[in-house]
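As a basis for the values below, the full set of heavy atoms in this structure was taken, side chains included, without hydrogen atoms, waters or symmetry mates. Reminder, nothing fancy here: chain letters follow the sequence lines and each chain counts from 1.
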Amino acid sequence: MMDGVGEKTQVSKQNPGERVRNFREVSLGYSADEALREASRCLSCSNPSCMEGCPVKVDIPGFIKHIKEKDFNKAADRLRESNIFPAVCGRVCPQESQCEIYCVLNKMGAEPVSVGGLERFVGDWLIKNRVDESSSTPPSTCGRVAVIGSGPAGLSCASELIKNDYSVVVFESLHEPGGVLSYGIPEFRLPKGVVDSEIDYLESLGVEFRLNVLVGRTVSFSDLWRDFDAIFIGSGAGLPYFLGIPGENLNGVYSANEFLTRVNLMNAYLFPEFDTPVRVGSKVAVVGGGNVAMDSARVALRLGASEVHVVYRRSREELPARREEVVNAKGEGVLFDYLTNPVEFLGDGEGNVSGLGCVKMELGEPDSSGRRSPVAVEGSDFVLDFDTVIVAVGQGPNPLLPSLVSGLDLTRRGNIKAGRDGRTSLERVYAGGDIVTGAATVISAMAAGKRAAQSICEDLKS
Amino acid sequence: MNEILSKQRVTSEAVLLEVSSPRIANSYLPGQFIMLRIHERGERIPLTVADMDVDVGSISLIFQKVGKSTKELASLRVGDELLDLLGPLGQPSEIRDYGTVVCVGGGIGVAPIYPIARALADKGNCVVSILGARCDELLFWRERMDELSDSFYVTTDDGSCGRAGFVTDQLRDLIDGGLKVDRVIAIGPLVMMSAVSGLTKEYGIETVVSLNPIMVDGTGMCGSCRVTVNGVTRFACVDGPEFNAHEVDFDELFHRHGFYLRQEELSLKRYLEACGK
């Protein structure tokens with residue numbers, strides 16, 4: 001351990017025994033004293049490397065310096081120059097692979113500065129202390145832009161455009177804005193109140209939200225093309241993938257999207273106070289190893305399942321979920337069945353799932369993703385009993401809109417082809433986020449939305 | 001937004017609400033549906049559109065008062081607003097000149113079949129309609145359907161109106177009697193659609209059914225409404241709601257339909273208690 005730097009300031013959490021019985025946020029965040037102590041660990045490097053991996057290039061040493069000076073207002077300004085949603089990103093970004101991994105303290109054998117913890121602290125401080133910056137909608141001077149989808153990409157694009165004096169209308173098909181922030185990420189990891197505050201802020205800047213509008217059905221894409229100077233498509237990766245194995249439509253088999261949407265967007269965890277139900281049995285399997293799988297497993301526990309297994313075909317090292325979420329899940333009692341691949345859903349004869357037929361896997365050569373690809377061990381078939389199975393093996397692009405827009409170039413998988421600058425094959429049409437890249441992170445979608453907004457500004461001004 | 005413009009009792013079990021929504025009235029095509037939410041604590045429920053009025057900017061919804069949400073919906077008054085209304089959703093019906101099309105509407109299914117039958121008639125098809133219900137007082141829109149149809153039949157389970165029996169009895173007699181049927185479209189309870197499908201399969205008559213499985217978002221995001229068609233999983237909300245009846249796995253649909261039965265009963269019981277009933 002290096003002298004002077006001290007140990008990383010641990011963030012307080014609800015204890016596992018307590019938190020599996022509620023949906024309140026697990027991490028309690030830093031107090032001001034804790035934030036000051038953690039900020040003091042930052043060496044303010046003259047050549048900082050911590051920003052290298054950040055998709056939006058947050059000035060990390062800059063905002064931390066202001067925390068050290070106890071000037072949280074300035075810290076917030078500095079953060080918001082590059083990231084409109086610090087309270088969201090501080091909670092859900094994979095800091096361990098984007099910023100904290102590059103912290104110079106790592107190289108010195110110490111734990112990195114908790115960039116995420118500090119970002120969240122400043123974001124939360126901002127929400128509590130934000131003064132209304134503009135009460136009236138600024139008159140549009142540069143043009144009108146339609147943003148399709150109100151997830152991270154769309155919100156980020158809208159924010160950048162409104163700051164550049166464009167008038168912005170965001171179209172959302174669901175009844176709440178936020179996209180995956182609203183329907184996907186559970187309350188205990190990202191409270192709705194935080195998302196609502198960030199969206200309120202955009203509204204206060206003059207962004208107009210039109211909810212319950214499915215572009216392509218409620219209004220046509222060509223109408224938008226006629227009525228707006230530019231269109232940004234950020235419709236996301238909302239199509240749930242299934243395993244494509246027998247028995248998948250048995251009762252009790254959920255896509256993670258459905259399971260989480262019921263709980264997060266529709267508040268099914270409060271049934272019957274809220275009308276939307278959700279059912280979990282006593283023994284639950286979640287198939288997959290990403291963040292969505294961790295969220296699903298932890299939601300299942302909170303809904304009263306007595307045993308929850310994450311069933312993953314590779315080993316612990318290949319889990320794509322954030323380490324912190326895996327630690328949280330394990331702490332709460334989620335069990336992990338590694339190197340296990342389901343080949344069949346088994347039924348009880350009355351249409352309900354009763355188990356998974358599985359095979360054991362072993363790891364072979366690395367595949368295109370660089371991870372060692374799993375290979376089935378011959379004759380290793382076995383059965384696991386479950387009464388609920390949640391399939392969390394990824395999502396594809398929402399197919400509806402791309403399929404209805406002629407002239408829009410798509411990839412083989414149905415993603416919209418767009419450059420890093422967000423430009424597509426159609427004039428005045430831009431795209432970014434998961435609809436372009438496939439399912440990725442909140443922050444990379446935000447970065448794409450912002451870059452597209454910059455392209456829109458350039459193109460409309462020229 | 002989404003104001004209720006008029007309300008009618010259609011039968012002892014069904015209600016019609018005319019809801020203001022110029023956007024949906026403008027873009028709606030026969031066969032499509034909407035999702036609505038009554039209030040902040042409400043669920044999203046799919047309903048087929050029975051009619052629309054572009055001049056007024058309204059759509060008409062007909063639904064059966066079966067569960068908590070539909071009973072609550074039926075309790076709304078003219079002037080009330082629905083919190084959320086999304087649509088039109090799903091693929092529109094394929095309206096072509098098929099020749100002779102038999103439109104079978106069972107129970108509440110008469111509502112969605114009406115705009116489809118009208119569009120088929122407008123396209124020049126010979127429309128033969130068969131309406132079925134448990135009894136006379138559950139039948140509605142007889143005159144409307146009769147008016148647009150080239151021939152028109154009614155069946156009731158108890159014989160209180162029209163022929164005593166099921167819609168399939170009437171359909172079989174028509175086919176056996178020499179009617180050359182080019183296409184059948186059947187909308188109603190699952191058991192009815194399944195029976196029609198079984199019958200027309202025998203005769204090799206192309207048949208379409210409109211499915212109404214449990215949905216959450218209605219836009220292709222959750223997969224709750226998945227149905228096996230020709231061995232492949234499809235989403236009724238975006239790939240349907242209409243499918244080739246002979247390829248639909250009805251047994252699976254029956255099971256999936258009942259998954260939340262206990263929760264639905266609990267919800268209804270609490271609601272009725274709160275209403276003092």
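For Ser58(B), the side-chain hydrogen bond (donor to acceptor under 3.5 Å, both in side chains) partners at least two apart in sequence or on another chain are Glu18(B).
Rounded to the nearest 0.5 angstrom, Tyr260(B) OH and Arg279(A) CZ are separated by 7.5 Å. One finds the CE atom of Met221(B) at 9.0 Å from the OG atom of Ser255(A) (value rounded to the nearest 0.5 Å).
When the candidates Arg37(B), Glu252(B), Arg23(B) are compared by the number of heavy-atom contacts under 4.5 Å with chain A, Arg37(B) comes out ahead. Of the listed residues (Leu239(A), Asn249(A), Thr276(A), Thr218(A)), the greatest number of heavy-atom pairs within a distance under 4.5 Å of chain B belongs to Asn249(A). Note on Leu270(A), Asn267(A), Val213(A): by heavy-atom pairs under 4.5 Å with chain B, the leading option is Val213(A). Counting heavy-atom pairs under 4.5 Å between each of Arg226(B), His39(B), Met35(B) and chain A puts Arg226(B) at the top. The candidate with the highest count of non-hydrogen atom pairs below 4.5 Å against chain A, out of Lys68(B), Glu72(B), Arg44(B), is Arg44(B). Of the listed residues (Pro88(B), Gly258(B), Gly220(B), Ser27(B)), the greatest number of heavy-atom pairs within a distance under 4.5 Å of chain A belongs to Pro88(B).
Closest of all the heavy-atom pairs between Gly42(B) and Met266(A) is O-CE, 3.6 Å. In terms of heavy-atom proximity, Cys222(B) sits nearest to Asn257(A) at CA-CB, 4.3 Å.
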Phe271(A) and Ser267(B): CA distance, side-chain angles, deciding distance, side chain to side chain contact (heavy atoms under 4.5 Å, CB included) verdict:
CA-CA 9 Å; Phe271(A) 179 88; Ser267(B) 206; 4.1 Å; yes

I'd like to know whether Leu85(B) forms a side chain to side chain contact (heavy atoms under 4.5 Å, CB included) with Asn212(A), so could you lay out the CA-CA distance, the side-chain angles of the two residues, the decisive distance to 0.1 Å, and finally the verdict.
CA-CA 6 Å; Leu85(B) 181 61; Asn212(A) 295 313; over 6 Å; no

Apply side chain to side chain contact (heavy atoms under 4.5 Å, CB included) to the pair Phe274(A) and Glu40(B), showing each step before the final yes or no.
CA-CA 8 Å; Phe274(A) 282 71; Glu40(B) 284 294 342; 5.5 Å; no

If you apply the rule side chain to side chain contact (heavy atoms under 4.5 Å, CB included), what do you find for Leu29(B) with Arg217(A), and how did you get there?
CA-CA 10 Å; Leu29(B) 292 168; Arg217(A) 288 272 182 246; over 6 Å; no

Between Arg41(B) and Asp275(A), does the salt bridge (charged side-chain N to carboxylate O under 4.0 Å, His left out) criterion hold? Intermediate values first, please.
CA-CA 6 Å; Arg41(B) 293 177 172 234; Asp275(A) 291 340; over 6 Å; no

Start with the C-alpha gap between Arg262(A) and Glu43(B), add the side-chain angles, then the distance that decides, and say whether salt bridge (charged side-chain N to carboxylate O under 4.0 Å, His left out) holds.
CA-CA 9 Å; Arg262(A) 283 180 180 273; Glu43(B) 56 184 339; over 6 Å; no

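Of the two parts of Ser224(B), the backbone and the side chain both hold a non-hydrogen atom closer than 4.5 Å to a non-hydrogen atom of chain A. For Leu211(A), the part lying under 4.5 angstrom from a heavy atom of chain B is the backbone only. For Ile214(B), the part lying under 4.5 angstrom from a heavy atom of chain A is the side chain only. Only the side chain of Phe235(B) comes within less than 4.5 Å of a heavy atom in chain A; its backbone stays farther off. Contacts of Arg262(B) with chain A are absent, with no heavy-atom separation under 4.5 Å from either backbone or side chain. Contact annotation for Phe259(A): neither backbone nor side-chain heavy atoms come within less than 4.5 Å of a heavy atom of chain B. Contacts of Ser69(B) with chain A are made by side-chain atoms alone, with heavy-atom separations under 4.5 Å and no backbone atom involved. In this structure, the portions of Glu273(A) lying under 4.5 Å from any heavy atom of chain B include both its backbone and its side chain.
When the shell of 6.0 Å around CZ of Arg226(A) is examined, it contains more than 12 heavy atoms from other residues, nucleotides or ligands.
The shortest distance between side-chain heavy atoms of Leu86(B) and His175(A) does not fall below 4.5 Å.
In terms of modelled atom types and a separation under 3.5 Å, the side chain of His255(B) and the main chain of Leu250(A) share no donor-acceptor contact.
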